[in-house]
Amino acid sequence: MQGFNVAIDGTSGVGKSSAADLLADANQMIHLDTGAMYRCVALAMEEAGIDPEDESELQSLLDTMKIRFEGRRVFLNDREVTTQIRTNRISNLTSRIAALPAVRARMTGLQQQTTAAGGYIVDGRDIGTVVLPDAAIKIFLSARPEARARRRYDEYRQKGIDADYDRILEDIRQRDWQDSHRSTAPLKKAEDAVEIDTSDLTLDQVVTAIQSLIDGAR
Ligand code: C5P
């Protein structure tokens, strides 16, 4: 849909990305996963051994790195990193480097350029507040930390990965704290966003609720 963007913000593990994927398919729109972009920056910084305090090295990395999506696959400098950016270590590192103003400025610019013509479902932390303050529809997804930790735990177990529920819960709390207490573009609900608590909802129910808002705005 030309000229029409949907912003979906919320905490980690709240189901933003899964909902955005389904909504993009159903509405012939494109899902822009901004968390994956920050994850690519974290991976690139780690691989290049860049000290976050070294502003000029960081800036040149930000100016030269290339992030590309092919459907749900993510490429960093033309190398596929779809699974590599999802490890727990990169998740925790991402939350730290996402607080750096130079990183936020570069990612915000890229996200605004990409979505300028509309037709995007954009998920992240600061989309409704900073990146797309004029988005036609703004959603803020929330869920109790325990519900989010349980989902992630079940996901790991289904994939046959060993998981520790308490550890996952602790990581989620830590990332929530870091994301909502940074001084640049902290996670917060835009005043005009519609909040949906997904703790006791299925993914289908969340998608249906957002779809009815999209239908109403058409
Ligand atoms: O959404 P996802 O969990 O993949 O995001 C990873 C991290 O990237 C978040 O914990 C947050 O620190 C950062 N992020 C951000 N702003 C966004 C999207 C993600 O700061 N718009």
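Numbering of ligands and ligand atoms starts at 1, following listing order. Just so it is clear, the values below take in all heavy atoms, side chains as well, and ignore hydrogens, waters and symmetry mates.
Without hydrogens or angle criteria, T108 side chain to A105 main chain gives no donor-acceptor distance under 3.5 Å. A donor-acceptor distance shorter than 3.5 angstrom exists from the side chain of T198 to the backbone of V14, with no hydrogens or angles considered.
Among protein heavy atoms, atom 18 (C) of ligand 1 sits closest to T34 OG1, 3.3 Å. Annotation: atom 13 (C) of ligand 1 to nearest protein heavy atom, A98 CB, 3.8 Å. Distance from atom 19 (C) of ligand 1 to its nearest protein heavy atom, with residue and atom name: G35 CA, 3.6 Å. In this structure, the protein non-hydrogen atom closest to atom 2 (P) of ligand 1 is R125 NH2, 3.6 Å. When only non-hydrogen protein atoms are considered, atom 4 (O) of ligand 1 lies nearest to R39 NE, 2.7 Å.
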Between Q178 and N92, does the side chain to side chain donor-acceptor pair (under 3.5 Å) criterion hold? Intermediate values first, please.
CA-CA 10 Å; Q178 273 173 259; N92 294 333; over 6 Å; no
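Remark: D200 does not engage R150 in a salt bridge, criterion side-chain N to carboxylate O under 4.0 Å. For D78 and K66, the salt-bridge test passes: some basic side-chain N is under 4.0 Å from an acidic carboxylate O. Checked for salt-bridge contact, E146 and R151 miss the test: no charged N lies under 4.0 Å from a carboxylate O. With respect to D126 and R104, a salt bridge is recorded, a charged nitrogen being found less than 4.0 Å from a carboxylate O. A salt bridge does not link K16 to D9: none of the charged nitrogens lies less than 4.0 Å from a carboxylate oxygen.
Taking distance alone, with nitrogen or oxygen atoms compared against 3.5 Å, Y38 stays at or beyond that limit from ligand 1. Note: an N/O pair closer than 3.5 Å links D126 and ligand 1 by distance alone. Residue contacts with ligand 1: D33 is placed with no nitrogen or oxygen under 3.5 Å of a nitrogen or oxygen of the ligand (distance criterion only).
Residue contacts with ligand 1 leave out Q178, since none of its heavy atoms falls under 4.0 Å from the ligand. Distances from ligand 1 to the non-hydrogen atoms of Q111 include no value under 4.0 Å. Heavy atoms of M37 stay at 4.0 angstrom or farther from ligand 1.
Judged by distance alone, the side chains of S199 and D197 do bring a donor and an acceptor atom under 3.5 Å apart.
Residue contacts with ligand 1 for R96 are absent, since no atom lies close enough (heavy atoms, distance under 4.0 Å).
Scanning M107, R175, R104 for the heavy atom closest to atom 15 (C) of ligand 1 points to R104. Which of D179, V14, T94 comes nearest to atom 12 (O) of ligand 1 through a heavy atom is settled by distance: it is D179.
Residue-ligand proximity, R86 to ligand 1, at heavy-atom distances under 4.0 Å covers atoms 4 (O).
C40 pairs with exactly one of I90, T94, V74 by the side chain to side chain contact (heavy atoms under 4.5 Å, CB included) rule, that one being V74.
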